[in-house]
Amino acid sequence: MGNIGEIAEIVNASELTLEVGSDNYILLSDLSLHIGRTESRDVVTSGDPLYSYGSGDNYFTATLLVSTPELTSLNTLSKFSNYGTSNQNGTMPSTAWKIVAKNVSGATKTFEATGVLRDYDISKPSEGKVSIDIFVRITGDDITIS
């Protein structure tokens, strides 16, 4: 997992792009990264409470400025995976997500994780560009920043 300094470089970048498979979504904005774990607090009869931690509760949200081809790709990513003849088991397709951050001098840092596009919202103001707010649940426990 990346260290805090590397994450700060991504958050403070002057330009962000999102890469999903072969698609490259230029103009990623309003990025929010949540890296955490589920926590369980058990009360014990004596002494301090016992804390235990589960799998990663990691996700990111962002706003994309996109065109029709990218919208088609996002729609495909939000469909259930198909196992056999039934897709009712709730499994979503997991894919590789990369957020590439470039600073003003041209140096880059890349955030990489595997995740599921849980949902997205499309906005089209009367004037301006179409924007899509995405929520990506990170399904793997490996997050790299390089």
Side-chain angles (χ1 to χ4, degrees), residues 1-43 49-104 106-146:
M1 182 180 280
N3 68 44
I4 293 296
E6 291 168 333
I7 290 174
E9 288 185 43
I10 287 178
V11 172
N12 292 329
S14 61
E15 179 184 315
L16 294 173
T17 59
L18 176 65
E19 297 176 10
V20 183
S22 62
D23 291 319
N24 185 18
Y25 301 99
I26 300 173
L27 299 176
L28 172 67
S29 65
D30 301 325
L31 174 65
S32 175
L33 298 169
H34 173 81
I35 311 299
R37 296 199 173 275
T38 57
E39 180 180 80
S40 176
R41 180 178 186 246
D42 296 316
V43 178
L50 175 64
Y51 292 93
S52 57
Y53 299 90
S55 297
D57 181 25
N58 308 321
Y59 61 87
F60 70 86
T61 61
T63 300
L64 308 174
L65 300 176
V66 298
S67 61
T68 303
E70 290 88 359
L71 183 57
T72 302
S73 297
L74 286 174
N75 191 44
T76 301
L77 290 171
S78 66
K79 293 181 179 179
F80 283 123
S81 295
N82 198 359
Y83 291 103
T85 59
S86 173
N87 63 2
Q88 301 302 312
N89 62 2
T91 303
M92 298 283 286
S94 190
T95 190
W97 297 80
K98 292 182 183 179
I99 299 171
V100 180
K102 185 185 295 185
N103 66 20
V104 291
T108 61
K109 287 284 184 181
T110 303
F111 169 92
E112 297 181 64
T114 301
V116 170
L117 177 63
R118 189 185 80 182
D119 54 54
Y120 61 94
D121 298 309
I122 303 168
S123 301
K124 171 66 173 112
S126 58
E127 294 184 24
K129 299 175 182 172
V130 173
S131 65
I132 299 178
D133 295 324
I134 63 171
F135 182 105
V136 175
R137 169 66 63 194
I138 298 171
T139 54
D141 212 24
D142 290 328
I143 297 170
T144 60
I145 301 172
S146 57

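Side chains are part of it too, since the values below use all heavy atoms of this structure and drop only hydrogens, waters and symmetry mates.
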- Task: Output all residues satisfying side-chain hydrogen bond (donor to acceptor under 3.5 Å, both in side chains) with Asp57, sequence neighbours left out; order by chain, then residue number.
- Result: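 In terms of side-chain hydrogen bond (donor to acceptor under 3.5 Å, both in side chains), with neighbours along the sequence ignored, Asp57 is linked to Arg137.
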- Query: Thr139: what forms a side-chain hydrogen bond (donor to acceptor under 3.5 Å, both in side chains) with it, not counting sequence neighbours?
  - Reply: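 Residues passing side-chain hydrogen bond (donor to acceptor under 3.5 Å, both in side chains) with Thr139: Ser94.
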- Query: Between Leu16 and Ala101, which heavy-atom pair has the shortest distance, and what is it?
  - Reply: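 Closest approach of Leu16 to Ala101: CD2-CB, 3.5 Å.
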- State, to 0.1 Å, how close Gly54 and Arg37 come at their nearest heavy-atom pair, and which atoms those are.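 For Gly54 and Arg37, the tightest heavy-atom pair comes out as O-NH1, 3.2 Å.
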Listed by chain and number, what are the side chain to side chain contact (heavy atoms under 4.5 Å, CB included) partners of [X], not counting sequence neighbours?
X	answer
Ser32	Thr61
Thr63	Ser29, Asp30, Ser131, Asp133
Ser52	Ser40, Asp42

- Just jot down the ring-ring contact (aromatic ring centres under 6.0 Å, His included) partners of Phe135, sequence neighbours excluded, or say none.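 Listed in chain order: Tyr59.
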Within the 4.5 Å heavy-atom criterion, are [X] and [Y] side-chain neighbours or not?
X	Y	answer
Val136	Val116	no
Thr114	Ile138	no
Leu18	Lys98	no
Ile99	Leu28	yes
Leu33	Leu31	yes
Thr95	Val20	yes
Phe60	Ile134	yes

- Task: May I ask you to decide if Gly115's main-chain N or O and Trp97's side chain share a donor-acceptor pair within less than 3.5 Å?
- Result: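 Confirmed, Trp97 side chain pairs with Gly115 backbone.
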- Query: Rounded to the nearest 0.5 Å, what separation is found between the CD atom of Glu19 and the OG1 atom of Thr110?
  - Reply: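 So the CD of Glu19 and the OG1 of Thr110 are separated by 7.0 Å.
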